[in-house]
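One structure is given below, encoded as structure tokens.
Chain A is the first sequence line, chain B the second, and so forth, proteins listed ahead of strands; every chain is numbered from 1.
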Amino acid sequence: MSLDDWQLVVGLEVHAELATNTKIFCGCANSFGDEPNTNVCPVCLGLPGSLPVLNRSAVEFAARLGMALECTVQPSVFHRKNYFYPDMPKDYQVSQYDLPINADGTLELPDGSVVGIERAHLEEDTGKTTHMGGGGRIHDAAYSLVDYNRAGVPLVEIVSRPDIRTPEQAQAYATELRAILAATGVSDAKMEEGSMRVDANVSMHKPGEPYGTRCEIKNLNSVRSLGRAIRYEMERQVQLLESGERIVQETRHWDEDAGRTRPGRSKEQAEDYRYFQEPDLVPVAPDDEWLASIRAAMPMLPAARRTRLAAQTGGDVDVALVVERGLDDLVLEAIAAGGDPGRLLVHASNNLSAGAGELSARPFAELSKLEATGALTATQAKTVLAELVTAGGDPAAIAATRGFEAMGDDALAAAVDAAIAADPEAWEKFKAGDRKVTGFFVGLVMKTTKGKADGKAVTALLDARAQS
Amino acid sequence: MTTAQQIADAVRAGERSASEVLEEHLAVIDEREGDVHAFNLVMRDEARAAAVAVDAGDRTGALAGVPVALKDNLCTRGIPTTCSSRILEGWRPPYDATVVARLAAAGAVFVGKTNLDEFAMGSSTENSAFGPTRNPHDLDRVPGGSSGGSAAAVAAGFAPLALGSDTGGSIRQPAALCGVVGLKPTYGLVSRYGLVAFASSLDQIGPFAATVADAALLLEVIAGHDPLDSTSLDRPLPPLVSGLGDGVEGLRVGVLTELVHAEGIAPDVRRRVEAAAEALADAGAKVDEASVPAASFGLSAYYLIAPAEASSNLARYDGVRYGLRVDAENTAEMNAATRTAGFGPEVKRRIMLGTYALSAGYYDAYYGKAQQVRTLIIRDFAAAYDSFDVLLCPTSPTTAFRLGDKTADPMSMYLNDVCTIPSNLAGDPAISVPFGAGDDGLPVGVQLLGPALSEATLLRTAAVLEGALQ
């Protein structure tokens, strides 16, 4: 079997919960993790006689996302998607069908590739079923409990075109979309909490031939799972195709522990949703003025923020990661306050994974200057930074409190000489070009100076001594 | 007979108490309800408490102390709401329908929940899980349907006012058969919030009353924009009661050919329509023949659109959350067992019909085509209203038929709605007003149709017919 003979084709369907205060068709709170069945009312429980009223914020959020994805934001209508499921209170889902609010957009990935967006439409979420007893699956459970807090939470379903060609590109798409959802405030987009859910349509074909039959992979709980599942599915499908078998169009579930996909319920493929226009709602026709105000309030998107940061710093560091963490504004402000761009970026990408906390631009800039001038070593700077994140303050003062003073050149030279004298044998090796013992000497100097020495300066001194 | 207006005036003036009025009506109920079976539930205790509250509180509401019967598909907080179906067994809504809340605020006293064809599907009130309602004029005959209980309640004097719902004639046809006034308002004029849905794009709540003026009074109380119903119209309705005596001088009345001569219209009913046309002409109206060609296809289109929407609206009765549950091995089987046991045959027939009409491969031929017919009906009515202010036709093809006469043949039952359905498809208002009797001595209603929001015109025209009889 050779994957090289085959071309992967992937299209992604992403469901994102909108971060509105209330649900899409009623006034119940849209909030995650509350006591089961506390955020419910006749409307989201689908009680007889209740009627939906569309939440204006949900339309606004969806339109904002549509604009961020370069979609045409258009008049739309809601349809009913009919099927029976216990966590769906009305046994139909109110969704959009042939006239979605957003159509025909694009998403540009950090590597410059562009994935087409077919549509990004509004719909309501379902409740959540927990199967009790047995193996915790619907088939062998003794009974099931349903929590309708999530029923009626607004969703956008973003459907990409089948433009994705590698697992890495699929991961980059999911990552970039997540960043856009977060940057625009449209969604928390947390895959682990289910506020962003990714399904992948995967098929394999030989270049020049028509697309193959696709399988829809569900239950992907992280960007990592997405990549793993696609890779697994590539191998599975190619194996079948090369042994002359056909791919069955089906839904498959990713099993994270087993590292494989499994077929879902077979009856799903025969489902007929009997879509028809939702008679309880009227068409949505946002006026141009309102749309213009949404567009005017659009925040800067991740792609533009990456370009802006890279332009400031030369872009040797992982600017994408810094933007993803939302630290780019802080770094840029610190640069504007006279900070050292290189040191700031290193900290933002390596030492601020949990966020900036109490750290503000000016102290951050000061810290980078202390470091750049050699007043603080990298290790000391990291310690001071941690304190700035938890409590804020003045970096120089923190350094003084901790006894982090600049080490004079003479003192450093004395410490290095003492280290050399301490182990002549190792020193001979160093002089002979064995750089493996560098670490030994640096460690020794650090120990005697109690960490005040700068590692790079020590190495430079050792080199100078060896050549003289 | 005491009208709702007279009761409200007397209670407001302190001449009568709401409790006194209520006891009189409860006495009539005690006397005849055993024969008529208009109610699924007589709310004696709640009504007495409400009457006491009216008497103790301010009596200025438009309906202060007036007994009102509610069709049992209108949600009443804490009071069983059954839709005459086993499947809603035990369910008590946690909220009031908007119309119920408005009536309560106006001082109305609810005497009970009235019987109906299950989920409002039928034309005789025989499709009720709790047994049929009988016509107070002849207990061997049906009251019509689906709001047969509300029509019978008003006709029997159980309450001067009642609310019904009309999806294809369910207010007007029973009004005609029971000899009372029934009005289906413009779609969107009355909030549907709290009306258990049959076919959402057609359903509309409306009044039953013994007189045209009382129907106008009740409609004024329940009409008006409701933010809880997205299809509710956000336009003010012209006053209804104050213009009732304005007459029909110069009004252009069209006798609607396609419906006067539709299949199955009995000669005695047709004669009453002709007499109504004469009465209006005598009163100064300009009467001519009118044509709405597409109206002839109304029945066929309706029996695709209404079941299609019903198949979706009734999906929620699955045994999971409320009402009946018949346990089974797994969820899908529990759903099926519950629905098999809980729904009657007519409801099942329409769910199957509607499911089929929406299915992939059939949608275009059935549901899609029916929607096109609906568009044509709207267009043809609009054209007719260029030349006419009001259209006149029968309400029901015949007077009240005998119980059991049409239960074996659904098609013959469906044909009862041939004259009423077009207004639902068009979304326009229509009123049925009693206009004499047929050869069998039973009441005949004639129907007046008008363009959207023409309720005031329809009511004053109906008032002229009402006056012509006296």
Got a sec: does the NZ of B:K369 have more than 12 other heavy atoms crowding it under 6.0 Å? no
Which distance, rounded to the nearest 0.5 Å, do you find between the CG of B:N330 and the OG of A:S144? 10.5 Å
Could you tell me whether B:Y363 atom OH has more than 12 heavy atoms of other residues or ligands within 6.0 Å of it? yes
Okay, B:A97 and chain A: the region with an atom under 4.5 Å from a heavy atom over there is neither
Are the side chains of B:Y193 and A:P42 in contact, using a 4.5 Å heavy-atom criterion? yes
For a quick test of reading the model, state the closest non-hydrogen atom pair linking A:P48 to B:Y317 and the distance between them. CB-OH, 3.5 Å
Closest non-hydrogen atoms of B:T331 and A:P86, given as atom of the first, atom of the second and distance, are CG2-CG, 3.6 Å
In this structure, are over 12 heavy atoms from other groups packed under 6.0 Å from A:D288 atom CG? no
Please report the C-alpha distance between B:Y95 and A:S50 in whole Å, then the side-chain angles of each, then the deciding distance to 0.1 Å, and finally whether the side chain to side chain contact (heavy atoms under 4.5 Å, CB included) criterion is met. CA-CA 9 Å; B:Y95 72 105; A:S50 65; 4.1 Å; yes
Atom pair CG/OG1 of A:L51 and B:T231 - distance to nearest 0.5 Å: 7.0 Å
A:N21 CG: over 12 foreign heavy atoms closer than 6.0 Å: no
Is chain A contacted by the side chain of B:T355, its backbone, both, or neither, given a heavy-atom distance below 4.5 Å? both
Does the pair B:Y322 and A:L45 meet the rule for a side chain to side chain contact (heavy atoms under 4.5 Å, CB included), with working shown? CA-CA 10 Å; B:Y322 45 79; A:L45 285 177; over 6 Å; no
Under 4.5 Å to a heavy atom of chain A? For B:Y356 that would be neither
Near B:R102 CZ, under 6.0 Å, is it more than 12 heavy atoms from other residues, nucleotides or ligands? yes
Go through the atoms of B:V196 and report whether side chain, backbone, both or neither lie under 4.5 Å from a heavy atom of chain A. both
What residue in A:V43, A:V146, A:V53 has the most heavy-atom pairs under 4.5 Å with chain B? A:V53
Whatever's closer than 4.5 Å to a heavy atom in chain A on B:L314 counts as neither
Tell me whether the count of non-hydrogen atoms from other residues, nucleotides or ligands lying under 6.0 Å of CZ in B:R349 goes above 12. yes
Here the gap from B:L358 atom CG to A:D272 atom CG, rounded to the nearest 0.5 Å, amounts to 8.5 Å
Any carboxylate oxygen within less than 4.0 angstrom of a Lys/Arg side-chain nitrogen, looking at B:D318 and A:K90? no
Scanning both residues in full, the closest heavy-atom pair of B:S312 with A:R80 reads OG-NH1, 2.9 Å
Side chain to side chain contact (heavy atoms under 4.5 Å, CB included) between B:R321 and A:L47, worked out: CA-CA 9 Å; B:R321 290 160 298 275; A:L47 293 187; 5.9 Å; no
Check each atom of A:N82 against the heavy atoms of chain B and say whether the ones under 4.5 Å are side chain, backbone, both or neither. side chain
Is it the backbone or the side chain of A:Y275 that comes under 4.5 Å from a heavy atom of chain B, or both, or neither? backbone
B:R77 atom CZ: more than 12 heavy-atom contacts under 6.0 Å: no
Would you check if B:R316 and A:F84 make a side-chain contact, meaning some heavy-atom pair closer than 4.5 Å? no
When rounded to the nearest 0.5 angstrom, what is the spacing between CG in B:N313 and CG in A:D91? 12.0 Å
Under a 3.5 Å threshold, yes or no: a donor from one side chain and an acceptor from the other, between A:R274 and B:Y367? no
What part of B:P93 lies closer than 4.5 angstrom to a heavy atom of chain A: side chain, backbone, both or neither? neither
From A:E278 CD over to B:S201 OG, what is the distance, rounded to the nearest 0.5 angstrom? 10.5 Å
